[in-house]
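Contents: one structure, followed by commentary.
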Amino acid sequence: MRHLIDPLDFTKEEIGKILDLAEDISENTAAYAHKCDGKILATLFFEPSTRTRLSFESAMMRLGGKVLGFSSANSSSAAKGESVGDTIRTVSCYSDIIAMRHNKEGAPLVGSKYASVPVINAGDGGHQHPTQTLTDLLTIKKETGRLNNITVGLCGDLKFGRTVHSLIKSLARYEGIKFVLISPEELRVPDYIIEEVLVKGGHDFREVRTIEEVMPELDILYMTRVQRERFFNEEDYIRLKDSYILTKEKMALGKDSLRVLHPLPRVNEIAKEVDDDERAVYFKQVQNGVYVRMALIMTLLEIE
Amino acid sequence: MLKIDSLEKGIVIDHITAGNGMKLYKLLNLDKLDCCVAVIKNAKSEKYGKKDIIKIDGITCVDLDILGFVDNNVTVCYIENGELIRKERPSLPSKLTNVIKCKNPRCISNAEEDIDHIFYLSDSETHKYRCIYCEQEYTDNH
Ligand SMILES: [Zn+2]
């Protein structure tokens, strides 16, 4: 029995298989409508995240399965002080597979140790969110036709953005990826990722402070939110925030084959005017999130 | 009575950084052994001025895995029939279970009791250990 707790729990080959399956599902969705007949997914959201929960539930329903669960800690037994281990043991009896979100880092790993069914980490605090990473990889693969020889710009909050860290670690397994890290000094990629992943792996990377200077060379621009609360003072935030907002003018500098991704929800870091640009694929990315979760559920349930 | 100088059979953990002797005694769970154990504090050391020494009399199969984590100056001497049969420097353990605790307040290991505190060796050159739950690096600020 397998779980998905960390995006790197699966080998590159295993991820390749999941992405291939997800692509097939996206093209022949109807053929998969009964793959999980009679199966139950439990969505245990100790921390609310409507978007992620609905994506999981949609994925299971599109496979013909059923869903049960809770959407916040206070509507669950955790509010009465039950341990993660006990909750997971109990819910293992009610379901065939579990998607679990928790505000404490590592809680899904603890859960997986007690589970008698596969556990998927649906986000553990600021730590990991592997199905977002799979979604990002599927979107890059579908949009560019490949996962190697890509110049990827990652923009915004690269310090606290967990989706960025996981994406860097995952893409670092492919050949010929050039990383362009676009952030204010205050929100740089943490040193340990630079040293342990990029330098050690001998990857081509550089750090820049503006989108404009690198826009023409990018194949992928991965945008993230720059949050006000990450800054020590309001002045720095106001001074910097506009540099990391994607506008029509900045898009004009990009290649025709550029694709813009964002894990969503966005606030103002991508101007609404960009939505109509064909190169903006963040809503397709949401759709891909359902397909990749369908592929993941089938894989963990070992359904052909 | 344990003779400090001559062991017939046993283990001598030598060159322990002065002051670490009792800490090791506890972390190695030597208090749970039935045999005779001596902790010698502040012995004279040619190399370091002072050192601690632990002598375990009678047995040679003690789990010394965590030695390398706590103090990598030490040498371990195994004695049989009054003779030194093996001398080794401890290596870094690949995993530490319930030896240290994660300092990340957002980590599940600090939110629930009854969770084993487990760290893995993430970089053997720099001796870095990370919590298996949140991956935060362990830093030793005594
Ligand atoms: Zn931890």
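Only heavy atoms go into these numbers, but all of them, side chains included; no hydrogens, no water, no symmetry mates. Residue numbering restarts at 1 for every chain, and letters A, B, ... go by the order of the sequence lines.
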Within 6.0 angstrom of [X] [atom1], more than 12 heavy atoms from elsewhere:
| X | atom1 | result |
| --- | --- | --- |
| B:Glu113 | CD | no |
| A:Asn233 | CG | yes |
| B:Tyr120 | OH | yes |
| B:Lys41 | NZ | no |
| B:Asp34 | CG | no |

Does the distance from a Lys or Arg side-chain N to an Asp or Glu carboxylate O, for A:Glu196 and B:Lys128, drop under 4.0 Å?
-> yes
A:Lys200 and B:Asp123 ion-paired at < 4.0 Å =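 Here A:Lys200 pairs with B:Asp123 in a salt bridge, since their nearest N and O are under 4.0 Å apart.
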Does any heavy atom of chain A fall under 4.5 Å from the side chain of B:Asn104, the backbone, both, or neither of them?
->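 B:Asn104 touches chain A through side-chain heavy atoms alone.
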Measuring from B:Ile118:CD1 to A:Lys113:NZ, what's the distance to the nearest 0.5 Å?
->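 It comes to 5.0 Å.
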From CD1 (B:Ile132) to CG (A:Asp6), nearest 0.5 Å | 11.5 Å
For chain B, find which of A:Ile5, A:Asn103, A:Val110 contributes the most heavy-atom pairs closer than 4.5 angstrom.
->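 Most heavy-atom pairs within the cutoff with chain B belong to A:Val110.
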[X] and [Y]: which non-hydrogen atoms are nearest, and at how many Å?
| X | Y | value |
| --- | --- | --- |
| B:Cys134 | A:Glu105 | CB-OE1, 3.4 Å |
| B:Pro105 | A:Lys104 | O-NZ, 3.3 Å |
| B:Tyr133 | A:Leu109 | CD2-CD2, 3.7 Å |

Option among B:Arg130, B:Glu137, B:Glu135 that satisfies the side-chain contact (heavy atoms from CB on, under 4.5 Å) test with A:Tyr192 =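 Single side-chain contact (heavy atoms from CB on, under 4.5 Å) partner of A:Tyr192 among B:Arg130, B:Glu137, B:Glu135: B:Arg130.
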